[in-house]
Enquirer: 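The structure's right below; bear with me while I get my questions together.
Every value quoted in this text rests on a predicted model; they were computed, and no experiment measured them. Every chain is numbered from 1, with letters handed out A, B, ... down the list of sequences.
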Number of protein chains: 2
Amino acid sequence: MALKHAIMTHLMRGLPRNGYELVQYFAMDYERLWKASATQVYAELSRMAESGLLELVENRASSRSHGDYILTDAGRQELERWLLHTEADHGVRDDSLLKLIAIGALDDEQAQILIGNEQAYYRRRALALEKRLAEWPEEHEGRIWRGRRAIFHLWLVQARQTLEWLEKLETCLKNPDMPMDEIF
Amino acid sequence: MALKHAIMTHLMRGLPRNGYELVQYFAMDYERLWKASATQVYAELSRMAESGLLELVENRASSRSHGDYILTDAGRQELERWLLHTEADHGVRDDSLLKLIAIGALDDEQAQILIGNEQAYYRRRALALEKRLAEWPEEHEGRIWRGRRAIFHLWLVQARQTLEWLEKLETCLKNPDMPMDEIF
DNA sequence: TCCGGCATGTAAGCGGTTACATGATTGC
DNA sequence: GCAATCATGTAACCGCTTACATGCCGGA
């Protein structure tokens, strides 16, 4: 039930947001912190409002919206409880990495396609992150935004490192007699 | 339904394995490529055998087991189809990173606990991966094992990089006036 | 003999997806 | 007036977890 907490990490910045805006955040690629479908986000928001973690306030911006959500004190308390008193789940389900683990099943030509796809993805991602960091809004200051901005730096170095690694993977497969310790 | 393919990436190495052994792999930390519960693994294995992706052969090692699974030709075909003709899902659900994104909600002392927990985890992980790479069995040779071994190298550099980043995150939070570009 | 690890499940329920439906508003 | 976007759902279904149950084998 971590979507609940993912929603909280968005709302903890203090800005009131409606369901649609939150759905956009969860769908955005370079902002991506949690995968979630629209249906699920709306359902979770209702549940959280009902249980008192969120409050529905008058909408700003858009007149079509039912209203905007903000974190309540109970919500902030739950956020703190989750952060400090629950263990992080390091269990992984990374579809793209799973494919790369299986790359040995393909011949050189096919492997090249798979690696190429991943390279394209991480190049796009690195560019988007660089742009996001370069254009960081000045009003995004303070402790909460600093934490968030730091994550973008982590994502960026990880993307770059993955690109480097993909090059090495290519070398490794194309030169089956080269010792792996020489490459990595 | 990617557990199916996660099971295939284990069996593609050619070694017959029973359900219990596969459950162990999925539970192992430094080997971790996909999170899955025992119940789910057994259920998926039955379904895959029924649909002809796996074959149940006579058990080696253990006499208690119902039998060992191996990949069929249809299984290898499905593996190739998945690798080449489906798009990788880059959607992320990383509980531990989600917590770090929210770290701005905590004060310095509390944040230190959270960072400490993560540091402990990644130190343990880096050590386990180093050990695994240092003790890599000689019989694990050939294209399929090379691909797998390469992933361990990626995981290791990622763990080390995350440790470096956690140090910077600490600095970043403890010195709110220091410009972030100086740290990262 | 009994305990711990091996080995495989069943049943209930929650979390999450996919496909589809609906209405309201803005811009051309 | 019409299309695109905004905004919020319903319904059915699947994947996955949690708690519990069962039996078998080997060793102290």
Enquirer: Could I get the full list of side chain to side chain contact (heavy atoms under 4.5 Å, CB included) partners for A/Tyr121, not counting sequence neighbours?
Expert: A/Asp29, A/Arg124, A/Arg125, B/His90
Enquirer: Take B/Asp94 and A/Lys35, measure what salt bridge (Lys or Arg N to Asp or Glu O under 4.0 Å) needs, and give me the verdict at the end.
Expert: CA-CA 9 Å; B/Asp94 185 330; A/Lys35 182 187 161 190; over 6 Å; no
Enquirer: Residues two or more places apart in sequence or in another chain: which of them pass side chain to side chain contact (heavy atoms under 4.5 Å, CB included) with B/Gln110?
Expert: A/Glu80, A/Leu84, B/Leu106, B/Asp107
Enquirer: Among residues 85-99 of chain A, which ones have heavy-atom contacts with DNA chain D below 4.0 Å?
Expert: A/Arg93
Enquirer: Given the rule that I, L, V, M, F, W and Y join up when any side-chain heavy atoms are under 4.5 Å apart, are B/Phe184 and A/Phe152 in one cluster?
Expert: yes
Enquirer: Can you give each donor-acceptor pair under 3.5 Å made by side-chain atoms of residues 156-180 of chain A, sequence neighbours left out, with the distance rounded to 0.1 Å?
Expert:
| unit_1 | atom_1 | unit_2 | atom_2 | d |
| --- | --- | --- | --- | --- |
| A/Arg160 | NH2 | A/Glu130 | OE2 | 2.9 |
| A/Thr162 | OG1 | A/Gln158 | O | 2.7 |
| A/Trp165 | NE1 | B/Ala150 | O | 3.0 |
| A/Thr171 | OG1 | A/Glu167 | O | 3.0 |
| A/Asn175 | ND2 | A/Thr171 | O | 2.8 |

Enquirer: Could you give the CE-to-C1' distance, from B/Met48 to D/dG15, as a whole number of Å?
Expert: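 Nearest whole value for this atom pair: 15 Å.
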Enquirer: Could you state the atom-to-atom distance from OH of A/Tyr42 to P of D/dT10 in whole Å?
Expert: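 Atom OH in A/Tyr42 sits about 12 Å away from atom P in D/dT10.
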Enquirer: I need the NE2-P distance between B/His5 and D/dG15, as an integer number of Å.
Expert: 12 Å
Enquirer: Taking the basic N atoms (NZ, or NE/NH1/NH2) and the acidic carboxylate oxygens, is any pair closer than 4.0 Å for A/Glu78 and A/Arg81?
Expert: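 Salt bridge: yes.
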Enquirer: Rounded to the Å, how far apart are A/Leu45 CG and D/dG9 P?
Expert: 9 Å
Enquirer: Starting from C1' on C/dT17, measure out to CG on B/Leu3 and report it in whole angstrom.
Expert: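 For the pair B/Leu3 CG and C/dT17 C1', the rounded distance is 17 Å.
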Enquirer: Can you measure A/Asn18 atom CG to D/dG9 atom P for me and round it to whole angstrom units?
Expert: 11 Å
Enquirer: C/dT8 C1' sits how many Å from B/His66 NE2, rounded?
Expert: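 Going from NE2 in B/His66 over to C1' in C/dT8 covers 5 Å.
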Enquirer: For a quick check of understanding: with a heavy-atom distance under 4.0 Å over all strands, which category does B/Lys35 fall into, base, sugar-phosphate or nothing?
Expert: sugar-phosphate
Enquirer: Between A/Gly19 and B/Glu44, just flag the one whose closest nucleotide in DNA chain D comes earlier from the 5' side.
Expert: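 Its nearest nucleotide lies further toward 5', so the answer is A/Gly19.
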Enquirer: My understanding is that a hydrophobic cluster links ILVMFWY residues whose side chain heavy atoms are under 4.5 Å apart, including indirect links. Using that, what else belongs to the cluster containing B/Val57?
Expert: B/Ile70
Enquirer: Does a donor on one side chain sit under 3.5 Å from an acceptor on the other, for B/Thr9 and A/Lys99?
Expert: no
Enquirer: How would you summarise protein contacts on nucleotides 18-28 of chain D per nucleotide, using B for base, S for sugar-phosphate only and - for none, with heavy-atom distances below 4.0 Å?
Expert: BB-----B---
Enquirer: Starting at CZ of A/Arg17 and ending at P of D/dC6, how long is that distance when rounded to a whole Å?
Expert: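 Distance, rounded to whole Å: 14 Å.
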Enquirer: Counting N and O atoms only, with roles assigned by atom type, does the side chain of A/Asp95 sit under 3.5 Å from a partner on the main chain of B/Asp89, one being a donor and the other an acceptor?
Expert: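 Pair found, side chain donor or acceptor close to backbone of B/Asp89.
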